[in-house]
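Here the structure comes first, spelled out in structure tokens, and everything after it is commentary.
Please read these numbers as outputs of a predicted model, since none were measured by experiment. Numbered from 1 within each chain, the chains take letters A, B, ... in sequence-line order.
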There are 2 protein chains.
Amino acid sequence: MGKEKKYCYEYPRPALTTDCIIFGYDFGELKVLLIERAHEPFRASWAFPGGFVNIDETSEEGAVRELYEETGLQNVFIEQLYTFSDVDRDPRGRVISVVYYALVKQSEYKAVAGDDAAKAKWFSINKLPKLAFDHEMIFDVAIKRLKSKIKYQPIGFELLNEKFTLTELQQLYETILGIDLDKRNFRKKILSMDILIKLDEKQTNVAHKAAWFYKFDKEKYDSSSLFTLLTPK
Amino acid sequence: MGKEKKYCYEYPRPALTTDCIIFGYDFGELKVLLIERAHEPFRASWAFPGGFVNIDETSEEGAVRELYEETGLQNVFIEQLYTFSDVDRDPRGRVISVVYYALVKQSEYKAVAGDDAAKAKWFSINKLPKLAFDHEMIFDVAIKRLKSKIKYQPIGFELLNEKFTLTELQQLYETILGIDLDKRNFRKKILSMDILIKLDEKQTNVAHKAAWFYKFDKEKYDSSSLFTLLTPK
DNA sequence: CCAAAAGTGTTCTTTATACACCCATGT
DNA sequence: ACATGGGTGTATAAAGAACACTTTTGG
């Protein structure tokens with residue numbers, strides 16, 4: 001009786017799913033969280049977490065829910081990426097997917113691995129396995145968006161801890177953009193934006209001069225307008 | 001028999017629609033094309049052209065098809081904007097819409113008014129009527145996207161004729177961005193990008209010095225990387 | 001000859017880039 | 001005392017912004 005087809009319409013309708021590319025950052029590497037699929041199609045393949053959107057929730061609510069169910073993650077930065085609607089993108093039939101991307105703070109990064117419910121695993125974006133469905137295409141769109149977005153919106157903070165050093169922030173930018181940045185110029189620029197708060201706290205137990213911690217000043221950012229970290233090329 | 005509900009599924013599915021914000025440019029004004037709705041809900045209200053996506057077409061194909069059916073427009077620049085999925089955005093039930101925006105060349109602008117099939121009408125974006133559904137919200141997203149996009153991608157050309165003068169191009173930018181630009185600086189910048197071809201042709205029958213026509217060099221643009229017309233603020 | 005828009009360079013200011021040494025801390 | 005990464009300033013180059021007059025054309 002679980003297979004009854006009791007929802008009927010005058011015209012055929014596609015199924016609506018949502019997927020989420022979850023970016024994390026660890027040890028100087030940009031990573032994404034993948035789920036090993038338990039069922040056909042693409043059983044045992046890796047895929048971005050996602051699933052069917054309920055009839056009483058928005059696609060974003062669905063993405064947030066699936067994210068929690070499959071990875072245990074909550075309260076992450078999430079934003080709509082693109083809607084994929086190729087007719088043959090899913091062998092089960094017509095399925096369209098509203099895809100989101102999320103950024104996970106380092107403090108929450110570990111939590112995922114500890115979640116026993118899901119077969120979730122972080123992969124460096126340079127060593128991705130073969131992906132299910134059209135998820136390789138989706139990934140390409142996501143990484144491109146992240147690279148371009150980070151240049152003019154301070155979303156980088158979402159991948160670090162609440163408190164971070166300027167060097168950590170710089171390394172994050174270098175990793176995502178794949179380029180080296182000059183330390184003095186980077187600091188000059190990011191500090192001149194006036195969106196960082198220098199905390200009264202330094203690193204401890206480091207075998208070198210301890211760095212000051214900073215945090216992102218969300219209020220100040222929201223009240224200002226956009227900024228640009230790098231001039232677009 | 002037209003009302004038979006013969007497409008049945010195990011779980012409820014939202015209906016999938018697509019809408020299209022069509023931007024045009026005329027006499028120094030940025031306009032959008034609206035359709036007067038012939039049926040409930042929102043009968044006699046104005047709305048962006050759109051409709052249900054067929055089961056064998058992508059949302060973009062649906063948008064292109066609806067655009068043609070409702071306005072006669074073909075071969076326009078079109079790009080996905082955002083997917084709207086609020087649970088109560090359509091009184092008929094759960095309907096999600098993958099929304100696109102399109103840019104129409106001036107040479108095709110008139111064609112629309114001549115199409116007798118549709119109750120289509122251009123409205124200045126400063127004098128929009130009340131819109132159906134959540135189309136006011138959709139418009140806000142679209143205009144914001146257009147303003148930000150035009151700063152770093154040469155989509156402005158899609159709103160002019162094949163041949164245009166630099167003054168026309170400048171006025172277009174001024175209209176969309178709502179700011180005045182310096183003539184000499186604008187020309188210096190746009191010409192230095194090397195994406196315009198100066199034609200061997202001038203204006204005729206103008207009561208002032210005739211301006212040279214230019215056209216957009218798509219090949220050169222595609223082979224280069226992004227450019228920036230204005231530094232983001 | 002008048003009105004209207006086209007076309008054209010230079011100066012100044014702001015922003016970006018390149019670059020090297022001393023400092024604090026743990027081992 | 002040494003190895004490690006933290007923190008800082010200045011000079012040069014490039015880009016952006018401000019600004020005014022001459023030219024061409026039709027009426």
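If you check C:dT25, C:dA20, C:dT8 against the side chain of B:Arg187, the one that comes closest is C:dT8. The side chain of A:Lys202 has C:dT25 as its nearest neighbour among D:dC19, D:dT25, C:dT25. In this structure, the nucleotide among C:dA24, D:dT24, C:dA4 sitting nearest to the side chain of B:Lys209 is D:dT24.
Here the P atom of nucleotide C:dA18 and the CG atom of A:Asp180 are 11 Å apart, to the nearest Å. Put simply, NZ on B:Lys198 is 6 Å from P on C:dT8, counting in whole angstrom units. Atom CD of B:Gln203 and atom C1' of D:dT23 are 14 Å apart (whole Å). The CD atom of A:Gln171 sits 12 Å away from the P atom of D:dG7 (whole-angstrom rounding). Spacing between atom CG of A:Asn205 and atom P of D:dT4 amounts to 18 Å, rounded to whole angstrom units. What separates NE2 of A:His208 from P of C:dC21 is a distance of 22 Å, to the nearest Å. In this structure, B:Leu191 atom CG and C:dG9 atom P are separated by 12 Å, rounded to whole Å. Straight-line distance from the CG atom of B:Asp182 to the C1' atom of C:dT11: 13 Å, rounded to whole Å.
Residues A:Lys183 and B:Ala211 each lie close to DNA chain C; by heavy-atom proximity, the contact nearer the 5' end of the strand is made by B:Ala211. Each of B:Trp212 and B:Ala207 was matched to the nucleotide of DNA chain C holding its nearest heavy atom; the match closer to the 5' end belongs to B:Ala207.
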Evaluate the salt bridge (charged side-chain N to carboxylate O under 4.0 Å, His left out) criterion for residues A:Lys163 and A:Glu201: first the C-alpha distance (whole Å), next the side-chain angles of each, then the deciding distance (0.1 Å), finally the verdict. CA-CA 9 Å; A:Lys163 304 170 188 174; A:Glu201 189 183 347; 2.9 Å; yes
Dump the intermediate steps for side-chain contact (heavy atoms from CB on, under 4.5 Å) on A:Val141 and A:Val99, then the final yes or no. CA-CA 10 Å; A:Val141 175; A:Val99 178; over 6 Å; no
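A donor atom on one side chain and an acceptor atom on the other are found under 3.5 Å apart for A:Ser59 and A:Tyr100. Inspection of the A:Asp86 and B:Thr58 side chains reveals no N or O donor paired with an N or O acceptor under 3.5 Å. A:Arg187 and A:Thr167 share a donor-acceptor pair across their side chains, judged by distance under 3.5 Å alone.
With hydrogens and angles ignored, no donor-acceptor pair closer than 3.5 Å exists between the side chain of B:Arg184 and the base of D:dA17.
Using a cutoff of 4.0 Å between basic side-chain nitrogens and carboxylate oxygens, B:Lys218 and B:Asp222 are scored as salt-bridged. With respect to the salt-bridge test (charged N to carboxylate O, under 4.0 angstrom), the residues A:Glu69 and A:Arg65 qualify.
In the helix from C:dC1-D:dG27 to C:dT27-D:dA1, the rotation axis of the first five pairs and that of the last five pairs differ in direction by 0°, rounded to 10 degrees.
Contact check, B:Lys188 against C:dG9: no side-chain N or O comes under 4.0 Å of OP1 or OP2. For D:dG6, the OP1/OP2 oxygens have a side-chain nitrogen or oxygen of A:Thr167 closer than 4.0 Å. Neither OP1 nor OP2 of C:dT15 sits under 4.0 Å from any side-chain N or O of A:Lys189.
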